[in-house]
S.K.: 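Sharing a structure below in structure tokens format, with a few things to ask.
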Amino acid sequence: MHYHLALGSLLNLDEVILEAQQGNRPGHAMWNLRQELDAIVHMPTPDAVQPIDHIRAKLISLPEHWALARQLSERLGKDDVIYCNGEDIGIPLATLCQAAPHRPKIICFFHTANRPRVRMMLKLFRLQEKIDVFVSNTAPQFDQLRQTLNNIDESRLFYLPEQIDVDFFCPGPPAADKSRPVIASVGLEKRDYKILAQATADLEVDVKISGFSRDVRPLAKSFPKILPANMSRRFYAWTELVQLYRDADIVVVSLFESIDSAGITTLLEAMACGRPVISTETKGLADYLQTPGTVMTIKPGDLQGLKSAIAHLLNHPEEAELQGKRAYKLATSHHNTNRNIAALSTLIRSVS
């Protein structure tokens with residue numbers, strides 16, 4: 001069998017790993033998986049787009065996703081297994097492979113199975129018959145897939161816990177110039193920074209937000225119109241981001257309700273750095289908030305709950321330290337990249 005990886009965005013994996021080896025950024029799971037399987041990596045490029053791809057993109061995804069799917073559907077056959085790291089490329093590929101007499105085995109990770117267009121494509125083109133295994137990292141996504149794909153065999157649903165590079169995100173000393181407690185928060189997707197601003201505006205702390213992304217636009221309701229005097233927001237390079245976690249007395253993952261895994265990366269990065277975390281208990285994160293003593297949780301929109309949780313951890317540093325140690329142990333034992341890749345490579349080989 002020949003193994004393939006289809007990525008939803010253009011990325012120089014070798015350059016990423018070179019930077020990672022120099023200690024300038026985390027590694028990438030798809031590079032590890034490529035090495036493990038000796039797989040060929042395929043990525044979308046704008047120069048391959050044809051007029052038909054623009055037409056198909058009106059259904060879902062981007063024209064370059066359809067261009068890549070079109071090329072792959074013409075080249076791959078029954079001796080090929082392909083893992084798609086998102087429905088943005090997986091759905092176009094499965095759709096175009098319907099006409100192939102000997103289609104490849106398709107394994108697809110689903111981030112947002114609840115989106116109307118995703119549900120529509122799955123039903124309209126009967127993709128249950130073309131995608132061999134549906135992968136996700138949260139239980140609500142599988143609930144949605146079961147609802148969309150009637151009577152799907154449970155053996156075709158594969159739970160893959162989210163992973164983190166625990167060699168890069170790891171404990172370390174705070175910066176020498178740190179002058180007062182730091183509350184850190186990272187990310188943009190489904191974030192509720194208004195409530196964090198309200199909960200901390202009167203505290204003698206520095207609230208530092210790494211809230212910029214080329215892939216995610218913040219919701220209009222995410223940020224207050226004017227940041228409090230003790231709150232700052234800027235872009236943090238990878239090494240700065242690790243130091244931000246290490247400086248943090250508390251990391252807050254403040255979210256609006258969601259059934260997807262928004263916030264999971266920040267949660268695990270903070271845990272891998274051994275920091276105490278307060279997280280909104282969303283449906284999408286429920287799987288990751290079950291281990292007692294690792295994360296303090298609040299309900300969505302619970303301002304008083306957030307205030308109380310922050311005050312408690314600031315006033316009980318020994319408890320905060322213990323929580324951070326428990327979180328570190330959980331992140332490194334259950335969410336490290338090597339564990340993730342071992343499980344995924346075993347799955348991919350099993351469908352051969």
Side-chain angles (χ1 to χ4, degrees), residues 1 3-8 29-30 33 42 44 56-62 65-66 68-70 72-73 76-78 80-163 189-190 257-262 264 282-288 340 343-352:
M1 299 299 291
Y3 300 109
H4 304 262
L5 309 177
L7 310 189
M30 290 300 99
L33 188 60
H42 308 274
R56 288 167 172 161
K58 294 183 183 297
L59 292 170
I60 200 170
S61 299
L62 298 173
H65 292 133
W66 285 96
L68 177 59
R70 175 172 44 78
L72 292 174
S73 67
L76 303 184
K78 61 182 178 63
D80 296 291
V81 180
I82 186 163
Y83 173 73
C84 303
N85 73 338
E87 61 266 40
D88 53 355
I89 180 60
I91 285 179
L93 177 61
T95 302
L96 295 184
C97 279
Q98 290 192 88
H102 302 290
R103 69 171 181 84
K105 299 285 187 179
I106 299 173
I107 304 168
C108 183
F109 191 104
F110 280 78
H111 299 272
T112 53
N114 54 300
R115 286 177 54 210
R117 289 197 179 197
V118 172
R119 301 200 311 267
M120 179 269 292
M121 291 295 294
L122 289 172
K123 286 185 174 182
L124 181 63
F125 292 98
R126 301 179 65 180
L127 298 187
Q128 180 176 349
E129 301 173 7
K130 306 303 175 184
I131 298 175
D132 296 272
V133 182
F134 297 77
V135 182
S136 195
N137 59 355
T138 65
Q141 295 301 314
F142 291 119
D143 292 339
Q144 181 62 67
L145 286 167
R146 291 184 187 98
Q147 194 176 90
T148 304
L149 308 171
N150 295 328
N151 300 318
I152 186 168
D153 193 311
E154 290 294 315
S155 66
R156 295 174 58 196
L157 302 178
F158 186 83
Y159 178 75
L160 184 70
E162 189 62 36
Q163 56 81 32
E189 189 179 12
K190 308 291 177 64
E257 180 59 270
S258 170
I259 72 165
D260 59 34
S261 59
I264 184 57
T282 65
K283 294 175 182 176
L285 286 187
D287 301 351
Y288 298 87
N340 175 283
L344 189 51
S345 60
T346 299
L347 168 69
I348 293 170
R349 287 191 175 100
S350 74
V351 301
S352 303

S.K.: Enter the distance from R56:CZ to S61:OG here, rounded to the nearest 0.5 Å.
M.R.: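 With rounding to 0.5 Å, CZ (R56) is 12.5 Å from OG (S61).
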
S.K.: Check the pair V135, L347 against side-chain contact (heavy atoms from CB on, under 4.5 Å), reporting the backbone distance first and the verdict last.
M.R.: CA-CA 10 Å; V135 182; L347 168 69; 3.9 Å; yes

S.K.: Holding to side chain to side chain donor-acceptor pair (under 3.5 Å), I want the full list of residues that pass it with S155, two or more places apart in sequence or in another chain.
M.R.: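 For S155 the side chain to side chain donor-acceptor pair (under 3.5 Å) partners, ignoring immediate neighbours, are D153.
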
S.K.: Do any pairs count as a salt bridge (Lys or Arg N to Asp or Glu O under 4.0 Å) and have a residue in residues 343-352, sequence neighbours left out, and if so which ones?
M.R.: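 Output for this query lists E36-R349.
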
S.K.: Would you mind reporting whether L122 and L145 have side-chain heavy atoms less than 4.5 Å apart?
M.R.: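 Yes, close enough: below the 4.5 Å cut-off.
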
S.K.: Which pairs, with at least one residue in residues 89-101 and sequence neighbours excluded, count as a salt bridge (Lys or Arg N to Asp or Glu O under 4.0 Å)?
M.R.: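 Output for this query is empty, none listed.
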
S.K.: For the atom pair CZ (R119) and CG (L124), what is the distance rounded to the nearest 0.5 Å?
M.R.: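 So the CZ of R119 and the CG of L124 are separated by 13.5 Å.
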
S.K.: Output every pair passing ring pair (Phe, Tyr, Trp, His ring centres under 6.0 Å) with a member in residues 80-124, not counting sequence neighbours, ordered by first then second residue.
M.R.: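 Sorted pair list: F109-H111, F110-F134.
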
S.K.: Looking only at the side chains, is there a donor atom on one of N114 and Q144 sitting less than 3.5 Å from an acceptor on the other?
M.R.: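 N114 vs Q144: no donor-acceptor pair found between side chains.
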
S.K.: As an exercise, state the distance from CG of L127 to CD1 of I106, rounded to the nearest 0.5 Å.
M.R.: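 Answer for the CG-CD1 pair, L127 versus I106, is 8.5 Å.
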
S.K.: To check you understand the geometry: which heavy-atom pair defines the closest contact between I60 and W66, and what is its length?
M.R.: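 The answer is O-NE1, 2.7 Å.
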
S.K.: Tell me whether N85 contacts the main-chain N or O of G8 through its side chain, where contact means a donor paired with an acceptor under 3.5 Å.
M.R.: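 It does hold such a pair.
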
S.K.: Using distance only, find each side-chain donor-acceptor pair of residues 89-98 under 3.5 Å and give its atom names and separation, not counting sequence neighbours.
M.R.:
from: T95; atom 1: OG1; to: I91; atom 2: O; distance (Å): 2.7
from: Q98; atom 1: NE2; to: T95; atom 2: O; distance (Å): 3.3

S.K.: Ignoring hydrogens and geometry, is there a side-chain-to-backbone donor-acceptor pair from R156 to Q128 under 3.5 Å?
M.R.: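 Flag set: sc R156 to bb Q128 pair under 3.5 Å.
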
S.K.: Run the side-chain contact (heavy atoms from CB on, under 4.5 Å) check on L5 and I82 step by step: do they pass?
M.R.: CA-CA 6 Å; L5 309 177; I82 186 163; over 6 Å; no

S.K.: Taking the side chain as every heavy atom from C-beta outward, state whether T138 and I259 have any pair of such atoms under 4.5 Å apart.
M.R.: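 They are not in contact (no side-chain heavy atoms under 4.5 Å apart), so the answer is no.
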
S.K.: Please check this pair: side chain of R103 against backbone of G77, looking for a donor-acceptor N/O pair closer than 3.5 Å.
M.R.: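 Answer holds: no.
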
S.K.: If you count the non-hydrogen atoms of other residues, nucleotides and ligands that lie under 6.0 Å from NZ in K105, is the total more than 12?
M.R.: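 Incorrect, the count does not exceed 12.
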
S.K.: Compare every heavy atom of D287 with every heavy atom of N137, then report the nearest pair and how far apart it is.
M.R.: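 So the two residues come closest at O-OD2, 4.1 Å.
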
S.K.: Verify whether one side chain among S261 and E162 offers a donor that lies under 3.5 Å from an acceptor in the other.
M.R.: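 On atom types as modelled, these side chains do not qualify, holding no pair under 3.5 Å.
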
S.K.: Quick check: does any side chain N or O of Q163 sit under 3.5 Å from a backbone N or O of A29, one acting as donor and the other as acceptor?
M.R.: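 No, Q163 side chain to A29 backbone: no donor-acceptor pair under 3.5 Å.
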
S.K.: With rounding to the nearest 0.5 Å, note down the distance linking CE in M121 to CZ in R126.
M.R.: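 Result: 14.5 Å between the selected atoms.
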
S.K.: So, for L7 and M30, which heavy atoms are closest and what is the spacing to 0.1 Å?
M.R.: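 Residues L7 and M30, closest heavy atoms: CD2-CG, 3.6 Å.
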
S.K.: Is the backbone of C108 close enough, under 3.5 Å, to the side chain of E87 for a donor and an acceptor to pair up by distance?
M.R.: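 Here the side-chain-to-backbone pair does not exist.
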
S.K.: First locate atom CG of L68, then atom CG of L62, and finally report the distance between them rounded to the nearest 0.5 Å.
M.R.: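 Those atoms lie 12.0 Å apart.
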
S.K.: Would you name the heavy atoms of D260 and Q141 that are closest together and state the gap between them?
M.R.: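 Scanning both residues, the minimum pair turns out to be CA-NE2, 3.5 Å.
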
S.K.: Considering non-hydrogen atoms only, spot the tightest contact between A6 and L72 and give its length.
M.R.: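 It is CB-CD1, 4.3 Å.
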
S.K.: Quick one: closest heavy-atom pair of A57 and R117, and the distance?
M.R.: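 It is O-NH1, 4.5 Å.
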
S.K.: Check whether any side-chain N or O of H42 sits under 3.5 Å from a backbone N or O of H4 as a donor-acceptor pair, and report yes or no.
M.R.: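 Side chain of H42 to backbone of H4: no pair is present.
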
S.K.: In the structure I gave you, are the side-chain heavy atoms of L33 and I348 within less than 4.5 Å of one another anywhere?
M.R.: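 Yes, their side chains come closer than 4.5 Å.
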
S.K.: Passes side-chain contact (heavy atoms from CB on, under 4.5 Å), L285 versus I264? Steps please.
M.R.: CA-CA 7 Å; L285 286 187; I264 184 57; 3.8 Å; yes

S.K.: Residues in side-chain contact (heavy atoms from CB on, under 4.5 Å) with D143, at least two apart?
M.R.: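 D143 satisfies side-chain contact (heavy atoms from CB on, under 4.5 Å) with R146 only.
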
